[in-house]
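On a predicted model such as this, the values are computed, not experimentally measured, just so you know. Numbers restart at 1 for each chain; the letters A, B, ... are given by sequence-line order, proteins then strands.
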Amino acid sequence: MRRETIINAGLAAGLLAIPLWAHVTGEIFTITLATRVAILALAAVGLNLALGLGGLVSFGHAAYFGLGGYAMGILAFHAQTYDPIFTWPFVFEGTKQMLVIWAVALVASGLAAALIGMLTLHTSGAYFIMATLAFGQMFYYLFVSWPKYGGEDGMAIYVRNDFPGLNTLDPIQLFVICYALLMAGLFVSWRIARSPFGLALQAARQNAERVETVGIRPFRIRLAAFVISGMITGLAGALMADLNRFVGPTMFSWHTSGEIMVLVILGGVARLYGPVAGAALFVLLEHWLGGVSDYWLAFVGALLLLVVLFARGGLIGSLAGREVAHD
Amino acid sequence: MTTILFIEQVLNGLQFGVMLFLMAAGLTLVFGVMGLINLAHGALYMVGAFAAASVAAATGSFLLGLIASLAAAAMAGAIVEIVVIRRLYRRDHLDQVLATFALILIFSEGTRWLFGSFPLYLDIPEALSGPVTLPGGIDYPLYRLFIIAVGLAVAGFLFWLIARTRLGIRIRAGEADREMIAALGVDISKLYTLVFALGAALAGMAGALVGAIQSVEVGMGEPVLILAFVTIIIGGIGSIKGAFVGALLVGLIDTLGRTLLPIAFGTVMEASAATTVGSALASMLIYILMAGVLIARPQGLFGAAA
């Protein structure tokens, strides 16, 4: 087995084993931390698809994360108040069913990604970064100035949503849901990386002209990847909203986009388990440094700077060594 | 009444626009000359505002505060360029974005550590406070007129600097072909530091000028930075003229949209709904404009065709 496969298996097993152990010993807080890791990792898995495989440096993934969150918030808010979201052309009621919420989150973030992708994917380099950043921020200002759904304050959802057959109020059961979705997300991105579609996407990153010469249009490949990427991050947003039982416009803020990107980079760009390693490291740093100093983000900044300047493969890169498969 | 309100809002938009120009000019210069995308530009804006507020509070002189903002931001810019940014010119945009994002975290938390979380206040100097009566009987704050004048003067200075001076020639040559001007004996790394410090000083000055109208707080540079990006996308990356036109467009459309759209919707629907819909739409206006520019002219209004 390759070294990276062993590390990946260790990460997957560790992320499952630690909360199970915490469940046995009754340390609820550890379970919540692990749930956070799983959800953030899922958001980063989404971004890693666009960023790592496609080379699309999207600085606006908070848009999809936030839309997923607000899909949950709006549906649950209307279910809470028994007030349908709209009655024309058909009656659309709020719901507390996670499965429905996830579907809406996937559709909403997918549509937004399709729209933003169509507008921005014709550009490249710095234009693409700035345009995705600005469109992401547009959603932030939209939801800040929309008082019905909490405006600047966001809104709290008092009871966690339901999943058939499970008690979502039990931390370990919620963790299992999130962990299962993370594994599903990793499976999807693993399949994509090895599919003809994924190969074309990676080829378009390395040399768009050559891809075009063999009759593949990079724009369509990239758009498809961008939409799938946004949907995965949107699903993570819905889960994060359910974990916190709160949605607020900060989910849309460009700091969120930056953080999701930091997770990918800390873990290792284009590594399958990079997002998981990055999310775990980030949550641990947040937990430890947050206890040491109020200014812990400055240390995260310093660490990020060092990784970017000197350790470009991220955590998995420095543990597993340089991988041949990605340029 | 409506005309007066309209003219006031146009002036407000103009004031906002020239401040955006000071930010966007630095960003676009740095991008044009060094090919670097700098997210930490908003942090330099914040450094300028904090320097101005603390020096003005200590000395009681707004002018000294303004000079301090220029000096502090230029110095912070030069140090950052020498320590970090210099290593990023040859890297791809992803590395640049991440490293400058890291710089934002360090700057923001560092400022919070030094000055605390409470906002500082920078008073408008005595001589510039109070309203003036414009022709047509409109009362308008003198300080905002002062900002417009300073902004326009700086814009004029920049155009002169780029078009007429030896430094400007080097900057333009650096944009066109950096290897060649290095081969001709221009110390390219000194030039880069200078351009970066110049951009930083402009941002710091904008921060100090705006700091007297708003509060001086951590994170104040970020909304402006995003708008500066929108400005550059509209105007075209690397073009000072584009930055100027884009900044005025964004400033005017954003300011006018926020006042006029709720009023416009008020004529067709009830007042509270009009305010909600109008302000929500107004917050998206400039992004819609940006989307339009991206569709019609992806290289921006004044950008060179790729």
Side-chain angles (χ1 to χ4, degrees), chain A residues 51-52 55-57 59 115-116 118-131 133-148 151 253-255 257-259 261-262 264-266 269 293-310 312, chain B residues 27 31 35-37 39 84 87-88 91-110 112-113 117 219 222-223 225-230 232-233 237-238 258 272 275-284 286-288 290-292 294-295 298-300 303 306:
Chain A
L51 181 72
L56 307 169
V57 186
F59 213 102
L115 191 67
I116 295 178
M118 276 193 264
L119 286 169
T120 55
L121 282 170
H122 284 298
T123 66
S124 61
Y127 265 108
F128 182 74
I129 298 171
M130 294 195 286
L133 175 63
F135 280 123
Q137 206 60 14
M138 178 181 85
F139 282 98
Y140 173 78
Y141 289 118
L142 177 66
F143 278 88
V144 162
S145 58
W146 198 351
K148 173 151 192 190
S253 119
W254 69 299
H255 275 268
S257 296
E259 271 171 28
M261 197 182 268
V262 168
V264 175
I265 306 308
L266 285 183
V269 183
S293 160
D294 284 345
Y295 311 106
W296 68 278
L297 271 173
F299 297 104
V300 173
L303 179 68
L304 177 63
L305 203 54
L306 292 177
V307 169
V308 172
L309 291 179
F310 304 112
R312 302 188 60 197
Chain B
L27 270 178
F31 188 85
L36 176 97
I37 171 165
L39 295 183
V84 178
R87 298 165 209 277
L88 297 170
R91 299 291 190 84
D92 58 15
H93 289 311
L94 174 62
D95 283 354
Q96 299 176 349
V97 161
L98 287 164
T100 50
F101 183 70
L103 284 177
I104 295 182
L105 296 179
I106 296 171
F107 266 104
S108 295
E109 297 303 311
R112 207 193 302 279
W113 178 67
S117 294
E222 293 171 7
L225 177 78
I226 309 278
L227 291 179
F229 281 151
V230 175
I232 293 179
I233 291 177
I237 295 185
R258 276 172 209 283
S272 69
T275 316
T276 313
V277 177
S279 58
L281 190 62
S283 68
M284 296 173 68
I286 51 166
Y287 301 101
I288 296 170
M290 178 179 87
L294 280 175
I295 293 169
Q299 75 274 31

Side-chain heavy-atom pair Leu297(A), Ser108(B) within 4.5 angstrom cut-off: no
Most chain A-contacting option - heavy-atom pairs closer than 4.5 Å, from Ile226(B), Val97(B), Leu103(B), Val230(B): Ile226(B)
Contact winner vs chain B - Gly125(A), Gly258(A), Ala298(A), heavy-atom pairs under 4.5 Å: Ala298(A)
Chain A contact via Leu225(B) - which portion, at a heavy-atom distance below 4.5 Å: side chain
Qualifying residues under side-chain hydrogen bond (donor to acceptor under 3.5 Å, both in side chains), relative to Glu259(A), sequence neighbours excluded: none
Interface moiety of Leu51(A) toward chain B, non-hydrogen atoms closer than 4.5 Å: side chain
Where Thr276(B) and Pro147(A) come nearest, the two heavy atoms and their spacing: CG2-CD, 3.6 Å
Side chains of Phe299(A) and Leu105(B) in contact at under 4.5 Å (non-hydrogen atoms): no
Met284(B) side, atom CE; Ser145(A) side, atom OG - distance, nearest 0.5 Å: 9.0 Å
Derivation and outcome, side-chain contact (heavy atoms from CB on, under 4.5 Å), residues Ile265(A) and Leu94(B): CA-CA 10 Å; Ile265(A) 306 308; Leu94(B) 174 62; 4.2 Å; yes
Backbone N/O of Gly110(B) and side chain of Tyr295(A): donor-acceptor pair under 3.5 Å: no
Which atoms of Phe143(A) approach chain B - backbone, side chain, both or neither, heavy atom under 4.5 Å: neither
Euclidean distance, Gln137(A) CD relative to Phe229(B) CZ, rounded to 0.5 Å: 11.0 Å
Contacting moiety of Leu142(A), where chain B heavy atoms sit under 4.5 Å: both
Spacing of CZ belonging to Phe101(B) relative to NE2 belonging to His255(A), to within rounding of 0.5 Å: 6.0 Å
Contacting moiety of Ile286(B), where chain A heavy atoms sit under 4.5 Å: neither
Salt bridge (Lys or Arg N to Asp or Glu O under 4.0 Å) partners for Glu109(B), two or more places apart: Arg112(B)
Engaged part of Leu281(B) at the chain A interface, taking heavy atoms whose separation is under 4.5 Å: neither
Part of Leu98(B) within contact of chain A (heavy atom distance under 4.5 Å): both
Side chains of Pro223(B) and Tyr141(A) in contact at under 4.5 Å (non-hydrogen atoms): yes
Most chain B-contacting option - heavy-atom pairs closer than 4.5 Å, from Asp294(A), Leu304(A), Val144(A): Leu304(A)
Winner by heavy-atom pair count (cut-off under 4.5 Å) against chain A, out of Met290(B), Arg91(B), Gln96(B), Arg87(B): Arg91(B)
Residue among Ile129(A), Leu306(A), Thr123(A) with most heavy-atom pairs under 4.5 Å to chain B: Ile129(A)
Choice from Ile232(B), Ile106(B), Ile104(B), Val277(B) maximising heavy atom contacts with chain A below 4.5 Å: Ile106(B)
Contacting region of Phe31(B) [heavy-atom separation from chain A under 4.5 Å]: side chain
Interatomic spacing from CG in Asp95(B) to CG in Leu309(A) - rounded to 0.5 Å: 8.0 Å
Student check: side-chain heavy atoms of Phe135(A) and Leu294(B) closer than 4.5 Å: yes
Which of Met118(A), Lys148(A), Met261(A) touches chain B most, by non-hydrogen pairs under 4.5 Å: Met261(A)
Per-residue contact mode, Ile37(B) against chain A (heavy atom under 4.5 angstrom): side chain
Most chain A-contacting option - heavy-atom pairs closer than 4.5 Å, from Thr100(B), Ile288(B), Ile295(B), Ile233(B): Ile233(B)
